[in-house]
Amino acid sequence: MSGVAAFDSEFKRVGALLASQEEKGQWAALYDYLRQGLVPLSTLTTTQAVSEFLKLKMSVFEALKEDALLQPVNLPALLERDPHLASFKRRICERYSTYAKLLDRINRYEGGILEFANGFRKRGLQPVEGGIQYREWAPGAQGVSITGAFCDWDRDKHTCTRDEFGVWSVFIPNKEDGTQPIPCGSAVKVCVTQQDGQRVDRISPWVTRAVQVKEKPVYEAQYEPISDYTWKHPRPPRPQSLRIYEAHVGISGEEEGIASYRHFADTVIPRIAALGYNSIQLMAVMEHAYYASFGYQVTSFFAASSRYGPSEDLKYLVDVAHSYNIQVLLDVVHSHASKNVLDGLNQFDGTDGCYFHTGPRGHHPQWDSRLFDYAQWEVMRFLLSNLRFYMEVYGFDGFRFDGVTSMLYHHHGLSHVFTQYQDYFGPGADDEAAVYLMLANQLVHEFMESAVTIAEDVSGMPALCRPQDEGGLGFDYRLSMAVPDMWIKLLKEKSDDEWDMGLIVHTLENRRYKEPSIAYTESHDQALVGDKSLAFWLMDQEMYTHMSVLSEPSLIVDRGIALHKMIRLLTHALGGEGYLNFMGNEFGHPEWLDFPRLGNNDSYKYARRQWHLVDDHLLRYKFLNEFDKAMQHTEAKYGWLAAPPAFVSCKHEGDKVIVFERAGLVFAFNFHPTKSFTDYRVGVAEQGVYTPCLTTDETDFGGTDRIKATEHFSEATPWHDRPASILLYLPSRTAVVLSHQ
């Protein structure tokens with residue numbers, strides 16, 4: 001296709017999407033200006049023409065922001081809560097205006113955002129009356145056909161026709177006996193004719209099943225129409241306090257190998273339920289050719305990973321979780337995609353663009369992956385449909401959005417420190433991605449009001465977790481990513497007596513008001529080979545020799561068990577409005593996580609969870625597990641995660657003591673490595689009797705039972721800005737939680 005033809009084709013496609021005559025006129029005027037420019041389009045290559053088109057598209061995107069700027073109806077509430085945002089009111093309104101106008105167009109031309117996100121029932125191979133209908137968006141292709149084992153791989157038997165929007169389609173009639181033309185499970189490919197005339201085979205972006213070709217790294221698409229599943233259990237209600245168990249199906253088994261959906265459902269979910277978690281966050285579900293990518297290099301977005309078993313078994317897993325009143329969240333990756341060509345989205349239509357930005361903007365410099373063009377109509381359809389697909393077909397209850405920081409900024413947050421509000425709203429901000437996230441949250445909550453969305457953002461973007469009608473992006477929670485970094489930094493660089501109580505409290509409390517956060521002590525990345533889990537940082541080699549209750553006492557293990565419990569309780573109670581734990585860390589899983597790769601001779605030895613360690617009553621892992629269980633159940637009883645932020649009354653550097661109140665409870669921590677305190681005065685908000693309801697020093701938790709369940713009567717002695725106080729015994733390296741009567 002010549003430069004002129006490519007340019008004209010894209011112009012017509014986008015122009016047809018514009019709503020008003022005024023917009024169409026503006027589009028045509030910009031187009032004519034380019035056509036009459038100093039460089040005639042007839043002299044341009046196709047690549048140059050597409051580049052000029054992108055400039056034109058951006059001009060219209062900017063024009064949409066300027067035209068009839070809209071203000072979120074509840075923006076005053078946001079500005080009152082954070083007056084610093086007043087200087088960026090126009091930028092917030094520009095972003096909101098683009099979102100509102102796009103949503104209006106979706107409502108007018110697509111029948112609403114729910115229908116717009118129904119692409120998984122309209123694109124790809126769809127069984128219909130009399131045969132199978134195939135539709136695919138491939139705007140840069142010269143030709144498209146569908147081929148596979150069903151037609152002896154004949155590339156010319158089922159050729160497609162293209163419409164004005166770059167969508168190719170063909171109808172494949174049933175066989176003479178009335179059966180479907182493509183058997184379920186049959187291998188299929190898309191044959192794409194590139195602009196240079198070369199024909200290449202690709203996998204449809206909408207494929208729902210992809211399997212690894214035997215003895216080859218490449219994945220192959222299989223025809224698997226969406227099937228109905230009889231759900232036995234209703235979705236659980238949205239938890240008021242979010243206690244998340246982050247898990248990876250493949251590594252959830254004890255044996256060296258890849259565990260299955262069924263194994264996880266039948267053996268791991270009962271453990272999670274017994275511990276008291278009410279949410280499971282599943283990683284690495286969307287198909288990824290490279291297992292060691294932890295699921296973050298997605299190749300087939302609508303295919304649940306086949307390495308864990310049949311698609312129906314994932315539905316069974318979700319159903320089992322719901323039977324325990326546990327919701328299931330999907331770790332969704334819309335921030336980037338694998339650069340794989342043969343079994344991924346990259347160069348699907350034979351060009352560098354299609355679903356992605358062209359040129360440098362379409363490539364992530366650190367992740368070596370492709371970046372979506374969120375302003376493209378069909379890209380929005382694809383990604384939004386992906387969200388609805390996993391909620392509707394597989395029963396997921398929400399999402400954790402990966403890589404949100406990378407999406408929100410052109411620099412992807414790389415080597416960038418966010419120190420001022422200009423960093424959030426300056427030229428580095430990517431409004432197209434922000435608008436997509438606003439639409440995504442609108443869709444998810446419109447589809448299911450009780451759905452939960454969590455943003456993985458390290459930048460601290462203001463209003464990320466505020467509704468769109470305030471000018472926010474609509475997320476329910478954000479991850480408190482600075483918290484695990486703080487704990488690991490302390491363990492690596494500071495001795496116990498150098499721990500800064502003020503720094504710890506500040507890091508745990510440092511979150512935007514009315515923007516809920518998920519706190520966690522360690523991330524799944526810290527468990528990977530090359531780093532260490534919290535337990536391994538605390539106890540290291542001693543875990544191999546002194547974790548038996550029959551072994552000689554070890555000061556290192558005693559310290560490690562004590563601090564492991566204290567760190568997790570303090571993070572849980574002070575760090576946010578939700579809590580997250582990665583699979584196995586609740587009992588201090590030893591060693592590291594290492595997926596099979598060339599560097600370890602494709603070994604699965606460290607790509608598993610050693611559940612026997614916590615099940616063995618002669619090992620100390622049981623103490624950490626029992627404490628985690630008690631902590632979750634105590635939160636379930638008192639609900640501190642759903643309560644307003646804590647009031648910290650004491651952060652004493654010399655004593656290494658932290659005291660705060662939340663949800664009517666008093667939390668007291670003594671981090672001092674050697675000093676215990678008798679009759680330590682602690683301020684309280686109300687007069688009455690205070691009784692321990694949880695302590696880290698119980699013998700069942702590996703402690704020495706120094707803190708007794710005795711009643712503490714308050715005194716009318718003001719202390720630390722509290723009207724009353726109580727006297728506590730605070731042994732070294734212990735914490736106690738007291739309830740008020």
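For reference, positions follow the sequence shown, starting with 1. Since the structure is predicted, the reported quantities are computational estimates derived from the model, not experimental observations.
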Going by atom types alone, do Ser241 and Glu635 pair a side-chain donor with an acceptor below 3.5 Å? yes

Evaluate the ring planes of Phe667 and Trp640, with Trp represented by its six-membered ring, and classify them as parallel (under 30°), tilted (30 to 60°) or perpendicular (over 60°). perpendicular

Flag if over 12 foreign heavy atoms under 6.0 Å of CD, Glu449: no

Using the six-membered ring wherever Trp is involved, compare the ring planes of Tyr621 and Phe587 and label them parallel, tilted or perpendicular (cut-offs 30° and 60°). perpendicular

Is it true that the side chains of Trp611 and Thr267 contain a donor and an acceptor less than 3.5 Å apart? no

Phe669 six-ring centre to Arg733 NZ/CZ under 6.0 Å and within 45° of normal: no

With no hydrogens and no angle check, just 3.5 Å: does a side-chain donor-acceptor pair link Gln366 and His412? no

Would you please indicate yes or no on a ring centroid separation below 6.0 angstrom for Phe294 and Phe595? yes

Give the C-alpha distance, both sets of side-chain angles, the deciding distance and a yes or no for side chain to side chain donor-acceptor pair (under 3.5 Å) between Asn670 and Thr734. CA-CA 6 Å; Asn670 177 11; Thr734 64; 5.4 Å; no

For the residue pair Tyr409 and Tyr424, does the interplanar ring angle fall in the parallel (under 30°), tilted (30 to 60°) or perpendicular (over 60°) class? tilted

For Ser548 and Ser551 the tightest heavy-atom approach is O-OG, 2.7 Å

Give a yes-or-no answer on whether the side chains of Glu586 and Tyr245 include a donor-acceptor pair shorter than 3.5 Å. yes

Could you check whether Ser725 and Arg681, counting side-chain N and O atoms only, form a donor-acceptor pair closer than 3.5 Å? yes

Around atom CH2 of Trp499, are there more than 12 heavy atoms from other residues, nucleotides or ligands closer than 6.0 Å? yes

Residues Lys494 and Asp497 bridged, charged N to O under 4.0 Å: no

Taking atom types as modelled, find out whether Tyr277 and Gln632 have a side-chain donor-acceptor pair closer than 3.5 angstrom. yes

Show your working on salt bridge (Lys or Arg N to Asp or Glu O under 4.0 Å) between Lys622 and Asp616 and close with a plain yes or no. CA-CA 7 Å; Lys622 66 178 182 180; Asp616 189 335; over 6 Å; no

Check step by step if ring pair (Phe, Tyr, Trp, His ring centres under 6.0 Å) holds for His322 and Tyr324. CA-CA 5 Å; His322 288 171; Tyr324 285 96; over 10 Å; no

How many angstroms lie between CG in Asp476 and CD in Glu515, if you round to the nearest 0.5 Å? 11.5 Å

With no hydrogens and no angle check, just 3.5 Å: does a side-chain donor-acceptor pair link Glu246 and His524? yes

Trp719 and Ser649: CA distance, side-chain angles, deciding distance, side chain to side chain donor-acceptor pair (under 3.5 Å) verdict: CA-CA 8 Å; Trp719 198 254; Ser649 59; over 6 Å; no

Least distance between heavy atoms, Thr695 atom then Phe701 atom: O-CD1, 3.2 Å

Residues Val505 and Val648: closest non-hydrogen pair is CG1-CG2, 4.0 Å

What is the ring orientation for His411 with Phe418, classed by angle as parallel under 30°, tilted 30 to 60°, or perpendicular over 60°? tilted

Check ion pair Arg478-Glu456 (N to O, under 4.0 angstrom): no

Could you give the distance from CE (Met461) to CG (Leu437), rounded to the nearest 0.5 Å? 9.5 Å

For a quick check under 3.5 Å, do Glu522 and Ser533 share a side-chain donor-acceptor pair by atom type? no

Hey, does Phe401 have a side-chain heavy atom less than 4.5 Å from the side chain of Thr453? yes

Can Arg568 and Asp628 be said to form a salt bridge (Lys or Arg N to Asp or Glu O under 4.0 Å), step by step? CA-CA 8 Å; Arg568 295 170 79 80; Asp628 194 85; 3.5 Å; yes

Shortest non-hydrogen contact between Ala735 and Ile707, atoms and distance: O-CD1, 4.2 Å

